[in-house]
Amino acid sequence: MSEQSHFIRDIIIADRQSTKNGGRVHTRFPPEPNGYLHVGHAKSINLNFGLAKEFGGKCNLRFDDTNPSKEETEYVDSIIEDVRWLGGEWDGIYYASDYFQQLYDWAVQLIKSGKAYVCDLTPDQVRENRGTLGEPGINSPYRDRSVEENLELFARMKAGEFPDGSRTLRAKIDMASKNLNLRDPIMYRILHAEHHRTGKQWCIYPMYDYAHGQSDSIEGITHSICTLEFEDHRPLYDWFVEQLGIHHPRQIEFDRLDLTYTMMSKRKLLKLVQDTYVNGWDDPRMPTISGMRRRGYTPESLRNFANGLGVSKTAGITELALLEYHVREDLNKRALRVMGVLRPLKLVLDNYPDEQVEYMEAVNNPEDASAGTRKIPFSKVLYIEQDDFREDPPKQFFRLSPGREVRLRYGYFVTCTSVVKNERGEVMEVHCSFDPASRGGNSPNGRKVKATIHWVSAAHAMDAEVRIYETLFTKEDPNDVSPESTAGQDFTANLNPKSLEVISAKVEPSLTGASPGSRYQLERMGYFCIDKDSSADKLVLNRTVTLKDALAKIENKAGGKK
RNA sequence: UCCCCGGUCGUUCAACGGUAGGACAGCGGCCUUUGACGUCGUGAAUCGUGGUUCGAAUCCACGCUGGGGAGCCA
């Protein structure tokens, strides 16, 4: 199973052959600490760390912390934890803020060479002078200040003599450029804010465009991989390092990950958290790395997913099904099997001795013989899944129904003899007779049954709270707010009211003491993971993902035909 | 209106002038003490029009179409 090649790998291979950078490969993963990492970042992490590893190079974890008003230490900590969990092995942790002094010195150098100037225009005036997509901008009246004046003003900006927004340092490039990023872009703005690392040491902060390339350069980055929206910034990235005459990393852009039914905008994820549409950044419904970890995803599954994505410049949208495929594949290999009944229906074996308890042997993981077996208590009164019984079974339904025989997994063959209903006509109890010759679920005489269902002994089962998750949004594109819907509607209108369902389930007693984070397959129901909200007397399970469900598919189709 | 980048099965990625292939999804068998897993099979695509060429998904031109771009955000 070799990885597919892609254009970035091809570029790196070509660069190594050309002895550019001395054959070195050095990448970086540069998040801004203004939120939690999400599955989209996993793609970038996988790419940057993966390429470095593949070519015997290095990858830095660098925080792009140039905007103190949005950044927090909490985010730095979570990002480090998430990158580590995903398996990223960084050469070092760096911060753009470590380079503030060097960046400042370089700015002075650009002023001296006549390539930068202090501009006194207000934000509104800057915007007006910038021109439009179709028309050129006009030069700032401060564009031709003398080097001396610029030097003095810039020093005073740094010294804190001016209020926020009153002045900027701009690169002197071309106000008529077709590329708006080249119309004398702002390099520094005044921000009297407390930075999470440098405190109040600085009151001027470099803009992304001025800080990023130079930070890459300082770290000796060879390939600066970023997402497509920075394509238009590349000429500016190149311009700065060329003017400065310093090491010139190559910026390469690729398409960011977009997933159906998933919101990737950090800003909007923040809104979900702040307005409590979800229970924090690590809510298992969130596409954040921490949310997915809590939900039960494994780092391997995320890595395999990211690896299988491919890298291109086509801005597309990946189906959520691909992600689910990778979790199932990984969990199938490693998750221990266990029986649990999500929506219990009482099943009574009329011909089973009242007080008898037998211990049935069950396989822990059919995919892994070394996982061994365990004993599960079996008795006269059991719980089975409500969905596994139908009084009037449709043609394709093979499970339990009046008169029909099925197998209780690892238990016995049982035949439904009668049902007990309440006054509303709902089935409250199912009565069966069992075949003593079928102990363990073995066919006594070659007799076949079409279904095997799971169960739990009523007297021995543990109660568990199970959290069933569906997609957070009802639409493939959460941002698709139909125009007819009243103005003011935003993506929250597409929130799925059924994204979380909490139910009381019955699980086999072997789950006693299961530790938070451990993952299981509840046979026939899906993969689950023990939530951190669990306590000694209360087990809480998150459903990571369902198993593929052939019956559901059949029924959906039948229902769809109507 | 201007600039940049794209357009290959439903989705995603490959094919780098020489047989359009994989994965997921779909469909249909087989297997099955999980309607799971596994396994076998199957349908399904080069945006259009010209041109270059023995030969074009690939090169060129024009058109169509999608994404990005006018933060003192990153």
Side-chain angles (χ1 to χ4, degrees), chain A residues 1 4-7 10 30-32 34 64-67 69-71 119 121-123 126-128 130-137 164-170 177-183 185-191 204-205 207-209 211-212 226-235 253 255 260 266-267 308-326 328-329 332-333 337 339 362-363 366-367 396-399 407-411 413 438 440-443 449-454 521-526 546-554:
Chain A
M1 248 228 309
Q4 271 181 350
S5 195
H6 52 73
F7 79 102
D10 291 344
E32 183 190 14
N34 65 344
D64 233 332
D65 54 350
T66 56
N67 184 359
S69 62
K70 290 187 174 177
E71 299 153 6
C119 179
L121 258 23
T122 65
V126 168
R127 182 168 14 85
E128 283 160 24
R130 189 156 30 225
T132 67
L133 293 176
E135 305 155 38
D164 288 3
S166 59
R167 274 174 236 261
T168 55
L169 181 71
R170 297 228 254 164
S177 174
K178 302 275 194 191
N179 184 340
L180 293 263
N181 294 121
L182 263 21
R183 318 245 261 228
I186 289 168
M187 296 164 59
Y188 273 92
R189 75 284 214 185
I190 299 172
L191 235 40
I204 57 172
Y205 290 91
M207 296 286 289
Y208 165 85
D209 283 307
H212 202 90
C226 62
T227 44
L228 249 26
E229 69 270 25
F230 292 103
E231 265 176 326
D232 288 338
H233 294 245
R234 187 174 357 115
E253 311 85 14
D255 62 324
T260 55
K266 269 200 206 175
R267 205 194 94 238
L309 284 173
V311 179
S312 74
K313 301 189 74 152
T314 319
I317 183 156
T318 298
E319 289 173 346
L320 187 60
L322 184 62
L323 211 212
E324 295 186 334
Y325 163 79
H326 283 285
R328 289 193 186 104
E329 187 192 52
N332 176 51
K333 286 180 297 192
R337 314 291 131 122
M339 291 203 282
V363 175
E367 306 288 323
Q396 306 266 32
F397 187 88
F398 305 143
R399 279 107 96 145
R407 171 167 38 230
L408 293 179
R409 187 148 161 92
Y410 302 126
F413 278 26
S438 63
N442 296 303
S443 174
V449 285
K450 291 190 92 169
T452 299
I453 65 176
H454 61 278
Q521 182 196 108
L522 294 201
E523 293 210 34
R524 305 206 304 133
M525 302 311 291
T546 60
L547 254 32
K548 284 214 280 184
D549 187 347
L551 210 222
K553 201 177 277 182
I554 290 166

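Letters A, B, ... are given to chains in the order of the sequence lines, protein chains preceding strands, and every chain is numbered from 1. Bear in mind that the values here come from a model prediction, so they are computed numbers and not experimental data.
B/C37 atom P lies 15 Å from atom CE of A/Met525, rounded to whole Å. In this structure, A/Leu309 places its CG atom 14 Å from P of B/A25, rounding to the nearest Å. One atom, CZ of A/Phe7, and another, P of B/C5, lie 13 Å apart when rounded to the nearest Å. Protein atom CG of A/Asn179 is 8 Å distant from nucleotide atom C1' of B/G69, rounded to whole Å. The CZ atom of A/Arg234 sits 17 Å away from the P atom of B/C3 (whole-angstrom rounding). The nearest whole Å value for the distance from the CG atom in A/Leu180 to the C1' atom in B/C2 is 9 Å. If you take CG of A/Asp255 and P of B/U11, they are 15 Å apart, rounded to a whole angstrom. The distance from atom NZ of A/Lys548 to atom P of B/A36 is 8 Å, rounded to the nearest whole Å.
Under 3.5 Å, the side chain of A/Gln521 and the base of B/U34 form at least one donor-acceptor pair of N or O atoms. Applying the 3.5 Å distance criterion, the base of B/G10 shares a donor-acceptor pair with the side chain of A/Glu319. The base of B/G35 does not come close enough to the side chain of A/Asp549 for any donor and acceptor atom to sit less than 3.5 Å apart. Within 3.5 Å, a donor on the side chain of A/Arg399 pairs with an acceptor on the base of B/G35, or the reverse.
Heavy-atom distances to RNA chain B give each of A/His6 and A/Phe397 a nearest nucleotide, and the one nearer the 5′ end belongs to A/His6. Of the two residues contacting RNA chain B, namely A/Gly310 and A/Gly411, the nearest-nucleotide position lying further toward the 5' end is that of A/Gly310.
The two residues A/Leu121 and A/Val126 have their closest heavy-atom pair at CB-CG2, 3.7 Å.
When heavy atoms are screened at a 4.0 angstrom cut-off, A/Glu253 is found touching no nucleic acid atom at all.
Using modelled atom types, one finds a donor on one side chain and an acceptor on the other under 3.5 Å when comparing A/Asn67 with A/Ser69.
In this structure, the separation between NE2 on A/His233 and CG on A/Asn181 is 4.0 Å, given to the nearest 0.5 Å.
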Please tabulate, one pair per line, each protein N/O and nucleotide N/O from nucleotides 72-74 of chain B that are separated by under 3.5 Å, including the distance.
from: B/C72; atom 1: OP1; to: A/Arg130; atom 2: NH2; distance (Å): 3.3
from: B/C72; atom 1: OP2; to: A/Arg130; atom 2: NH1; distance (Å): 3.1
from: B/C72; atom 1: N3; to: A/Gly165; atom 2: O; distance (Å): 3.3
from: B/C72; atom 1: N4; to: A/Leu121; atom 2: O; distance (Å): 2.8
from: B/C72; atom 1: N4; to: A/Pro123; atom 2: N; distance (Å): 3.3
from: B/C72; atom 1: N4; to: A/Gly165; atom 2: O; distance (Å): 2.9
from: B/C73; atom 1: OP2; to: A/Arg189; atom 2: NE; distance (Å): 3.1
from: B/C73; atom 1: OP2; to: A/Arg189; atom 2: NH2; distance (Å): 3.0
from: B/C73; atom 1: O3'; to: A/Arg189; atom 2: NH2; distance (Å): 3.1
from: B/C73; atom 1: O2'; to: A/Asn67; atom 2: ND2; distance (Å): 3.0
from: B/A74; atom 1: OP1; to: A/Thr66; atom 2: OG1; distance (Å): 2.8
from: B/A74; atom 1: OP1; to: A/Arg189; atom 2: NH1; distance (Å): 3.3
from: B/A74; atom 1: OP1; to: A/Arg189; atom 2: NH2; distance (Å): 2.9
from: B/A74; atom 1: OP2; to: A/Tyr208; atom 2: N; distance (Å): 2.9
from: B/A74; atom 1: N6; to: A/His233; atom 2: NE2; distance (Å): 3.2

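Here the separation of B/A14 from B/A23, taken at their P atoms, is 16 Å to the nearest Å.
Taking 4.0 angstrom as the limit, A/Lys313 places none of its side-chain polar atoms (N or O) nearer than this to OP1 or OP2 of B/G68.
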